[in-house]
Every structure is written in structure tokens, then in C-alpha cells.
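Report on the structure given below.
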Amino acid sequence: MTPTVETVIPQAMATWRRLGVDEDTAAEMAEDLAADLTAAAHDGRDAGAVIGDDVDALATSWAVERGLPPLHWRVKETAVAAAGGAFVPAILALVFCFLSWDHTFDPCASWAEPGGGTPGTCRSTLESPWMWAGWAGWAGCALLAFFMIRRTVSVTLQHHLAPAREATLRALPKALPVIIVAGALVGGGIGLLGEPVLGYFAILALPVALVGMLGTVAAGAALLRHRTCPTKEFPAQQPRPGRRHL
């Protein structure tokens, strides 16, 4: 689709809103951009030939050139990104937990028969391959969570042009194992309390455990982002130039 003034301006405005540019400045820039594109059209040039195909990149570079993105730490966005990255691994981990609680991964090795009566409790065994498959599944979930959380946080901070992105990404791999283990402990603890607290409705502990795991991961990522952001203020924004000529 060939870009036009009607399609370029709303897309550029959306980019500036994402970057946190105030509405008045964004409107001023939109007027300048529309005027440049209109003048180019009078000269027989279409919008694509003037600004290229990547309107988002143009709007971003223009905002950065003018020093417009605010010095926002994006802690909330980091927390949401981390929780989003952990969502699928957490679901898979809960599936493995449910199968373990259902004794799918630990079939009975023998039956205890107290006093020679009827069979008693089933004793778990580590000799079953399925038991080891369950442990491998949990380890795989943790590994998947590590890479997905790191990826979503990196993309989110880049998307918002967040300051100190590199510092956060350097510290994140070191902190993620602790964050993931903490999330697993919270989820596991909620799961273990499900049966004695909820009884017959213990299955309801699974969604609560999911929320607990994601909340722990989000809180850990937010704390890390807060700690890796500079404590001193960034240099003052550069003066804004006048009209941009394309």
C-alpha cells in the first residue's frame, strides 16, 4: 500500500504517543510533516519516495533528534513484559504440576498392606521414566522462561526507547534464575496449600498459583529495572529545531 498523508500522519502520531511525546508537540510535528508531504505531492513526488516505507522509524528518529522522548524509567512496562514472557512457561509448569499431583509421573512401585488387609497408600518411585520426564519438563519450563522473559523485556524497552536499557539487560540474566525460582516456589506453595485449604475445590488453586508466579516474576523484573536505572538525572534535552525539511 502506497503511503499517503492520510495514512502517514496517524501512524506517526501513534508512534509519538508511544514514545511519550506530549500532544501539543506531536500535533506541531504532524502539521510540519503534513505540510512537507503536501509540498512534495505538488512537486509530483509521492509520500513513499519522500519518507520511505518505515513511518515508525522516521517518526522515532525525528523525536530522538529533537530530544523529545521523556526520561521515563518504564518500570511498569518492564513488569508487564516479564509477566508476558513467563506466561506460557508458567502454564506448562502448572500442567506438569497437575500431572504430578495426579500421580501420572510416579506410578506405584508397590502397595502397602497394613496388617495384611486391603491395599493402603501408593508409594511413589523414582524408577519410572515418566517421573524423570516430569522433572525434565519443569527444567525445560524454567529454561524457556529465562529466554522468553529476557526477550520480551529487551523488545519492550527498545520499543519505548527506554533509558539505561543496556544496563538492565546486562543485569537481567544474572537475576532471572533467582526470579524464576522465587516464582516457582510461590506457585508451588499455593498449590500445596490448595488441598488442605480448598478441599474438594483444590483445582481452583491452579489459577491462583498462576497469578502468584506471574506476579512474582513481574515484581522481580520491576525491582531490577528500578535498581539498574541511573540515580542521577540525564542531561537536559537539546533545543528543538524548527521545521524539519524532508
ILVMFWY network linking Leu172 to Trp73, side-chain heavy atoms under 4.5 angstrom: no
Least distance between heavy atoms, Ile179 atom then Ala221 atom: CD1-N, 4.0 Å
Closest heavy-atom pair and its distance - Thr228, Ala171: CG2-CB, 3.7 Å
Gap between atom CG of Leu37 and atom CG of Asp32 - 0.5 Å precision: 11.0 Å
Sub-4.5 Å side-chain heavy-atom contact between Cys229 and Arg225: yes
Exercise: identify the closest heavy-atom pair between Ala63 and Val21: CB-CG2, 4.3 Å
Heavy-atom check, side chain of Pro89 versus side chain of Phe146, under 4.5 Å: no
Check: Ala81 main-chain N/O paired with Thr152 side-chain donor or acceptor under 3.5 Å: yes
Student check: side-chain heavy atoms of Val55 and Thr15 closer than 4.5 Å: no
Exam field: side chain Ser154 to backbone Arg150, donor-acceptor pair closer than 3.5 Å: no
Side chain to side chain contact (heavy atoms under 4.5 Å, CB included) partner of Phe147, the single match among Ile149, Leu144, Leu143: Leu143
Min side-chain heavy-atom separation Arg74-Thr156 under 4.5 Å: no
Within one Ile-Leu-Val-Met-Phe-Trp-Tyr cluster: Leu206 and Ile91, side-chain cutoff 4.5 Å: yes
Flag side-chain contact, heavy atom, 4.5 Å: Leu210 against Phe87: yes
Within-4.5 Å side-chain heavy-atom neighbours: Leu94 and Met213: yes
Value rounded to 0.5 Å, distance of OG1 in Thr168 from CG in Leu224: 6.0 Å
Closest contact, heavy atoms only, Cys141 versus Leu92: SG-CB, 3.5 Å
Non-hydrogen side-chain atoms of Met13 and Met29 separated by less than 4.5 Å: no
Separation between CD1 of Ile9 and CD of Glu31, rounded to the nearest 0.5 Å: 9.5 Å
Verify same cluster id: Leu214, Leu176 (apolar side-chain graph, 4.5 Å): no
Closest heavy-atom pair and its distance - Leu169, Val153: CD2-CG1, 4.4 Å
Closest approach of Ala82 to Val217 (non-hydrogen atoms, all atoms of both residues): O-CG1, 3.7 Å
